[in-house]
Every structure is written in C-alpha cells, then in structure tokens.
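Naming convention: chains lettered A, B, ... in sequence-line order (proteins, then strands); numbering from 1 in each chain. Please read these numbers as outputs of a predicted model, since none were measured by experiment. Excluded from the calculations below are hydrogen atoms, water molecules and symmetry mates; all remaining heavy atoms, backbone and side chain alike, are included.
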Amino acid sequence: MSYKILKKEEVAPAVHRMEINAPDVAKAAKAGQFIILRIDEKGERIPLTIADFNPETGTVAVIFQEMGKTTKQLATLSAGGFIEDFVGPLGTPSDVRKVGTVILVGGGVGVAPIYPQAKAYTAAGNKVISIIGARNKELLLLEKEMREVCSELYIATDDGSKGHHGFVTDIMKEILDSDEKVDRVVIVGPPIMMKVGAGVAAPYDVEILVSLNTIMVDGTGMCGGCRVTVDGETKFTCVDGPEFDARKVDFVELMNRLSMYREEETAAKEKYEHKCKCGLH
Amino acid sequence: MSEKSKPKTRIPMPEQPAGERINNFEEVALGYSKEAALAEASRCLNCKEPKCVEGCPVNVDIPGFIKLLTEEAFKGAIEKIKATNALPAICGRVCPQETQCEARCVLGKKGEPVAIGRLERFCADYERGKGGNVSEKAIISEVASEKKVAIVGSGPAGLTAAADLAKLGYKVTIFESLHKAGGVLSYGIPEFRLPKAIVQEEVEYIKSLGVELKPNYIIGRVKTLDALAEEFDAVFLGTGAGLPRFMGIEGENLNGVYSANEFLTRVNLMKAYDPEYDTLIKMGKKVVVVGGGNVAMDSARAALRLGAEEVDVVYRRGEEEMPARREEIKHAKEEGISFRLLSNPIRVLGDEQFNVKGVECIKMELGAPDESGRRSPVPIEGSEFSLEAEVVIIAIGTSPNPLIFKGSKGLSQHKKGTVIAEAESGATSKPGVFAGGDVVTGAATVISAMEAGKKAAKAIDEYLKKN
C-alpha cells in the first residue's frame with residue numbers, strides 16, 4: 001500500500017502540515033484520534049494526531065515538528081510523494097457532546113489536535129474558549145483557523161512576541177478564576193505543559209482531560225509499549241486513550257517512559273543528518 | 001518392508017551450530033537434503049489405517065505424500081499436502097508434530113516416529129526452490145460465486161479460511177490491521193524459526209488464488225463488524241489473541257520492561273536486528289524473560305542474538321510443565337539460556353533514571369493440580385532472590401483484542417474476552433459471522449488456528465449455499 005501526499009507546507013519553522021490521501025481513515029476519523037505512519041519499508045511506525053480530516057475529499061492532515069530521524073525524513077517528502085503506510089483512525093475519540101463551556105489549551109504542536117476538537121465542540125453547541133501558545137510568534141500554529149471555530153481565542157508566547165508573555169496555563173487560570181462557568185478543560189501539548197496545566201486546574205470544580213502522545217508500535221493494543229498509569233492502574237494509551245482524566249495520570253512515569261529511547265533516538269538522528277550532509281540521502 | 005527392518009532412529013536434521021547461530025537471525029534448522037528426505041521417507045510403513053492422519057488437525061494424507069516422496073514424485077507429494085494444507089512450508093517448521101501426527105506413528109512405539117514435519121518441510125521447500133505454487137491454480141473451482149466473504153486478520157486462521165474459500169470460488173477480502181500480512185507468523189515467530197520470506201511467499205500464493213488483501217485496515221476502528229457484515233455475505237474473524245498480559249507487579253512500567261508482543265514485533269516485524277531499519281530496541285547485557293511457552297523461548301533466543309550475554313528464563317512451574325515445545329527448550333539450552341524454574345517475579349527493580357536494574361523473584365513449589373490439570377505453583381515464604389537485568393520481557397500469555405467488539409451487535413463474548421463460537425463450524429451468535437483460531441480458543445498453536453479456519457471455510461460455504 002502507499003498513500004499519496006497531496007499537499008505539504010511549512011507552517012512554522014521546522015513544523016510541517018501534510019495532507020494525505022487516505023479515504024478510509026478520513027471517513028471514519030473523529031476528533032481526538034490519531035494515525036500511525038511508516039515512511040518506507042525500513043522506517044519506524046510513528047503516531048501522529050489527526051490535525052484535520054475531510055470525509056468528502058478523503059484527505060487527512062497531520063502536523064509534525066522535525067524532532068528525530070523519522071520526522072526529519074518525513075519533512076523531506078513533498079506533495080506528489082508517497083508514504084508507505086498510513087493507518088487509522090486510532091484511539092478512542094474524544095467524548096465530544098454538549099457540556100456547556102469548554103476551555104481548549106494547546107501548546108506547541110499540541111495546537112494541531114486541538115483544532116478538530118474546537119470544531120467538534122463548537123458543532124456540538126458548546127461555548128469554546130481556546131488558548132494556544134508557543135515559544136515565540138513564529139512557532140504559533142493555526143491562529144487564523146482556530147479563530148474561525150472558537151468563541152474566544154487567547155494567545156501566549158514564552159518570549160512575549162505575541163499575546164500574553166508567559167504560559168497558556170496562566171490564561172487558563174485567569175479564566176477559571178473569573179465569573180465564567182467552565183465545565184471542561186482539555187489540555188494538549190508537551191507532557192510538562194499538561195502536567196503543570198493539570199496541576200493548575202485541579203483545585204477547580206471542572207473536568208480536566210489531557211491527550212497523551214506516547215511511544216507505541218501498532219496502535220491497536222498489541223504491544224503495550226504505550227502503557228501509562230491512570231488512577232493507579234496500567235492503561236494502554238492507544239486504545240484506552242489517548243484522552244484521560246488529567247487528575248489521575250501519573251505524569252512523572254509518562255515523562256520517564258517517553259525518554260526510554262533518548263540515546264538511541266539521538267544516535268539515529270545524528271547518523272541520518274550525517275548521511276544527508278554527505279549527500280548519501 | 002516390515003516394521004522390524006526399518007531403522008529405529010530418524011535421519012537427523014542438520015542445524016546451525018549453537019555457537020554460530022547465536023550471532024545471527026538465520027534459520028536454525030537447515031532442512032533435509034534430497035537424499036536425507038528419501039532415506040527418512042523410506043522408514044514410513046504406509047499403514048493401511050494410518051494413525052498419523054488422525055493426529056493431524058487438517059488431516060493431511062501423510063502416508064500418501066510420503067509414498068509419492070519415496071517415488072521421487074516431489075510435485076505430486078506437495079500437491080497431496082496442499083490439497084488440505086495451504087501453508088506447508090510454515091507447518092513443516094512450527095507445528096508441534098511431536099504431540100500430533102508423529103505422536104501417533106506406529107514406529108514411535110519401539111523407536112523414533114517418522115519425521116513427518118521434516119518431510120513436509122522438505123516437500124514445501126522443494127517446491128519453493130522450483131518457483132512453486134503454480135500447480136495449485138488448477139484446483140480453484142470454476143464455478144465463480146458472486147458472494148463475498150470478509151476475513152478479519154491475516155494470521156494462520158484467516159489465511160487458511162481465505163485460501164479454502166477462494167478455491168471454492170468466492171470473492172474473498174482479507175482485512176489486516178498491521179502493514180504486513182501473516183499475523184503472528186510475521187510479528188511473533190522469529191526469523192530463525194520461520195523465515196519471513198516464506199510467510200510472504202505463502203501470502204503471495206493466497207493472493208494468487210484471487211484473494212484481496214487490505215493492510216492497515218482495523219475492523220472496529222476503520223469499519224465496524226456490523227458494517228462489514230452488512231457489506232459482505234459472510235465474515236470470518238481470525239483476529240487472534242494479540243493483547244499482552246502483564247503481571248501487575250511493582251516496577252512493571254519501568255523502562256526496559258517489554259511485553260513479549262512488543263519485543264518480538266520490534267524484532268520480527270520491524271526488523272530491529274537489522275541496522276538498515278530504523279526500529280529502536282533496548283538491549284542489555286543481562287535479560288530476564290518471564291514465562292515458559294514458545295513465546296518465552298523465542299524472546300530469550302532473540303535477546304541472545306541481539307547481543308545479550310546472559311539470558312534467564314524465569315518460570316513459575318517446573319520444566320515438565322513448560323508449555324514450550326521440547327525442541328525449542330532444547331535449542332534454548334544449547335544456546336546457553338539459563339532456566340530459573342519454580343521461580344516467580346514479585347517486583348521489577350529500577351534505578352533513579354527509571355531504568356530496569358533487576359527482578360526480585362520468589363521460589364515456588366508445586367501444590368494441588370489446578371483447572372488445567374497442572375499442579376499450581378505456591379510461593380515458598382522467605383525464599384526471595386534477585387536477578388540483575390537491564391531488560392525484562394514478559395511472556396505470560398495473551399488474550400484476544402477487544403477492538404473487534406466495537407460495533408458488533410449480537411456477537412457473544414466469553415468472560416476471558418474470547419469470541420464464543422461453535423467448535424465444528426466456527427459459527428458465532430451473530431448471523432453470517434464465523435470465528436476461529438486464538439480469538440476463540442485463547443492463545444494456542446498455528447495448526448489449530450488453521451484447522452479452525454478450514455472448518456469455518458466449510459461451514460461458510462454451506463451457509464452461503466443456503467442463504
């Protein structure tokens with residue numbers, strides 16, 4: 001099998017959006033789900049959250065940041081090219097229904113999965129307040145798109161180059177402290193941001209969900225590499241999640257497990273970059 | 001020739017020497033030469049009422065193919081096998097013949113039984129060497145049916161059902177969740193026991209029968225079983241037992257603890273042993289494997305080949321009770337795997353960096369027999385001991401993946417998560433839906449899954465003729 005790349009653009013420095021022809025995935029996808037792709041026969045299988053999908057055109061969009069070997073290699077592909085394997089939708093969809101007011105918090109590339117959620121929560125009749133953030137304004141994703149599907153949109157950057165100078169969680173706390181009656185908070189981003197965000201929101205009478213991105217192979221519950229402790233119990237992120245009750249997630253374990261292959265990942269990336277420099281790739 | 005004049009011992013199978021093979025992933029058992037196969041085949045008594053056939057779950061005409069073999073009619077021999085067994089190159093390698101056909105062989109009473117498995121493998125490999133699989137096409141039914149059958153899962157049950165149904169003239173589509181077909185044959189059983197090229201050849205053969213294969217297609221996610229049953233005239237579920245069990249002990253989520261499923265998938269399907277592949281794997285000098293089945297043996301031997309210096313298999317019962325094939329235990333021992341029998345892990349030990357550094361175990365003794373008839377192990381108080389390890393692989397069994405039940409109205413499920421199906425037909429509680437293999441029985445053997453696939457194909461044919 002192979003899946004055609006229909007569109008590719010660099011949406012921020014070293015962050016790319018790719019639209020892929022995958023009609024079966026597009027037809028079945030729901031907000032909160034993800035896909036796993038494998039670039040070629042020798043590639044690894046990596047999970048990426050679905051950033052957008054269109055059942056009519058049969059396309060699925062992913063947004064990824066160049067981090068390791070695979071994402072760097074993926075970034076070299078362009079429209080018209082092919083990806084060997086693209087499987088999904090995976091994971092339990094977000095429990096999107098009318099709950100009232102929802103705060104969606106997205107940090108870094110975590111803004112990508114927030115976008116289909118914003119669309120879905122709005123369509124379900126909720127008031128959607130989104131807070132998106134990045135290290136600086138160049139890295140901020142989907143501002144325009146988000147504005148179209150949210151009731152309110154706030155921005156935070158670490159360096160203050162746009163919006164609030166500070167963290168997305170600062171804005172979230174302000175809203176939670178205000179008269180706004182918030183029913184649900186969904187936080188998606190780097191694990192440390194989700195951990196801090198969950199801690200900030202925990203004292204409030206509000207449901208808090210996080211969407212986890214763990215190491216996994218198959219995405220169907222077969223490998224168990226994505227195990228995470230939730231409420232003292234081992235869960236599989238790929239089938240039981242990726243969304244969990246933030247108050248119950250063991251974030252320390254989550255972060256430790258994400259570092260499992262750090263040395264191997266660095267070595268693989270260096271080897272790949274060296275090959276590229278030598279013109280071998 | 002009479003029974004007395006036959007040699008009592010079988011022709012040995014050449015193998016890679018243990019010292020050499022632990023450094024590569026190539027096949028351990030090398031297969032018979034033509035001369036060896038003919039000599040071994042000549043031991044068969046060609047019994048009038050062959051017991052071996054009764055011992056074969058798919059009833060291969062064993063004396064029939066062996067007779068053709070002695071006549072050097074190799075093409076005829078493989079055709080004879082393939083009349084009832086679509087995957088002979090695989091069965092010749094991974095079937096537990098010692099408890100099935102060979103266990104019933106008359107020669108086994110006074111000496112060693114005929115090496116049926118090795119002869120089956122010889123025939124299949126002979127055909128492969130000749131660019132085989134062509135002779136099969138003639139068998140396909142000329143009466144093409146307009147009826148469509150969906151097969152969920154491309155493991156041994158699914159492939160067998162697909163082959164039989166295609167031969168009967170049905171339009172067959174296989175849905176596979178992974179990127180490669182073969183199920184456990186691809187992700188579970190290592191290259192050194194079952195070369196993946198063989199699995200892919202068998203898959204290609206089944207495709208040559210007109211079967212369509214859809215990889216990357218998860219029933220329960222992309223499409224529900226209900227939708228599939230609507231679209232197809234019949235459905236066969238051969239989704240296996242793919243969900244790994246963990247022990248539920250402290251430290252099991254430390255970095256370096258793998259389920260055997262994950263470890264073997266990374267090694268076999270994703271070829272972590274090949275530096276050309278991007279697949280990551282953690283390996284250490286010391287590895288502990290928990291469990292006593294074939295999967296535990298495969299994991300231990302794969303770890304050794306990935307560079308582990310010491311591999312301990314920890315099993316809570318004794319060697320007699322180990323569910324692994326004797327041959328696999330023997331191979332593992334030859335390769336230097338140590339066995340810590342009557343021992344059970346109680347805690348995985350880690351360092352400050354969240355990495356595994358060892359396993360704390362407790363010694364066990366055998367008490368009264370349990371439901372399975374095996375004596376259940378009981379911990380001996382105060383007998384705790386520790387093993388050093390940087391990698392721990394949990395191979396204590398698997399259960400069916402529950403994803404198939406998402407959107408499957410009327411499909412009854414056993415408490416253990418298996419699909420309830422009639423033993424003979426594979427018929428489930430959902431009309432037009434049949435099931436077989438590990439998804440019904442829980443983790444078992446390749447051949448029993450094939451038997452179930454075969455029976456279900458027959459039942460599906462009968463069902464479709466009536467409906």
Side-chain angles (χ1 to χ4, degrees), chain A residues 1 3 22 24-25 27-29 33 35-46 68-70 73 84-92 215-229 233-234 236 239 250 252-253 255-261 263-265 267-268 271-272, chain B residues 176-180 187-188 213-218 220-224 227 239-246 248 252-266 269-272 274-283 350 353-355 394 398-404 406:
Chain A
M1 286 294 282
Y3 300 79
D24 293 328
V25 186
K27 238 179 265 169
Q33 290 188 296
I35 58 94
I36 283 181
L37 65 79
R38 189 177 73 134
I39 299 176
D40 54 32
E41 168 57 27
K42 289 174 180 164
E44 54 177 347
R45 292 170 62 103
I46 61 157
K69 194 254 167 181
T70 301
Q73 188 188 348
E84 183 71 25
D85 296 294
F86 190 86
V87 58
L90 297 163
T92 303
I215 294 170
M216 56 180 77
V217 182
D218 60 291
T220 63
M222 195 188 102
C223 80
C226 64
R227 15 199 226 287
V228 55
T229 301
E233 249 181 78
T234 295
F236 290 177
V239 284
D250 182 343
V252 176
E253 181 186 90
M255 286 188 274
N256 278 325
R257 286 189 64 79
L258 280 167
S259 71
M260 175 148 170
Y261 296 105
E263 283 167 36
E264 289 86 350
E265 280 163 351
K271 190 175 144 200
Y272 176 73
Chain B
E176 166 56 45
S177 70
L178 288 169
H179 55 261
K180 233 185 204 102
Y187 74 75
L213 175 70
K214 282 184 176 267
N216 297 329
Y217 206 109
I218 303 161
R221 287 280 190 234
V222 179
K223 195 169 267 178
T224 60
T239 48
L243 208 67
R245 274 191 213 128
F246 286 93
E252 214 169 12
N253 290 347
L254 286 165
N255 287 342
V257 182
Y258 283 109
S259 71
N261 256 11
E262 177 176 8
F263 181 73
L264 290 174
T265 300
R266 285 181 183 273
L269 179 74
M270 306 296 296
K271 302 201 187 310
D274 184 340
E276 288 290 306
Y277 281 71
D278 292 340
T279 312
L280 302 173
I281 197 138
K282 269 259 179 268
M283 202 15 76
Q353 278 81 50
F354 204 73
N355 293 316
I394 313 284
T398 53
S399 47
N401 194 319
L403 268 185
I404 192 71
K406 285 198 186 291

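- There is no contact between K27(A) and chain B, counting heavy-atom distances below 4.5 Å.
- A heavy-atom distance below 4.5 Å is not found between the side chains of M222(A) and L403(B).
- Summarising the geometry of T220(A) relative to I218(B), their closest heavy-atom pair is CG2-CD1, 3.6 Å, with the distance given to 0.1 Å.
- Counting heavy atoms from C-beta on, the side chains of M260(A) and F354(B) never come closer than 4.5 Å.
- Residues C223(A) and S259(B) come closest through the heavy atom pair O-OG, 2.6 Å.
- With N253(B) as the partner, the side-chain contact (heavy atoms from CB on, under 4.5 Å) test is satisfied by one option alone out of D250(A), N256(A), T234(A): T234(A).
- Using a 4.0 Å cut-off between charged side-chain N and carboxylate O, K180(B) and E41(A) make a salt bridge.
- At a threshold of 4.5 Å between non-hydrogen side-chain atoms, the residues V87(A) and H179(B) do not count as touching.
- Between E252(B) and T229(A), every side-chain heavy-atom pair lies at or beyond the 4.5 Å cut-off.
- Of the two parts of R257(A), the backbone and the side chain both hold a non-hydrogen atom closer than 4.5 Å to a non-hydrogen atom of chain B.
- Ranked by non-hydrogen atom pairs under 4.5 Å with chain A, the options T279(B), I281(B), I394(B), N355(B) are led by I281(B).
- In terms of heavy-atom pairs under 4.5 Å with chain B, the best-connected choice from A268(A), G219(A), G91(A) is G91(A).
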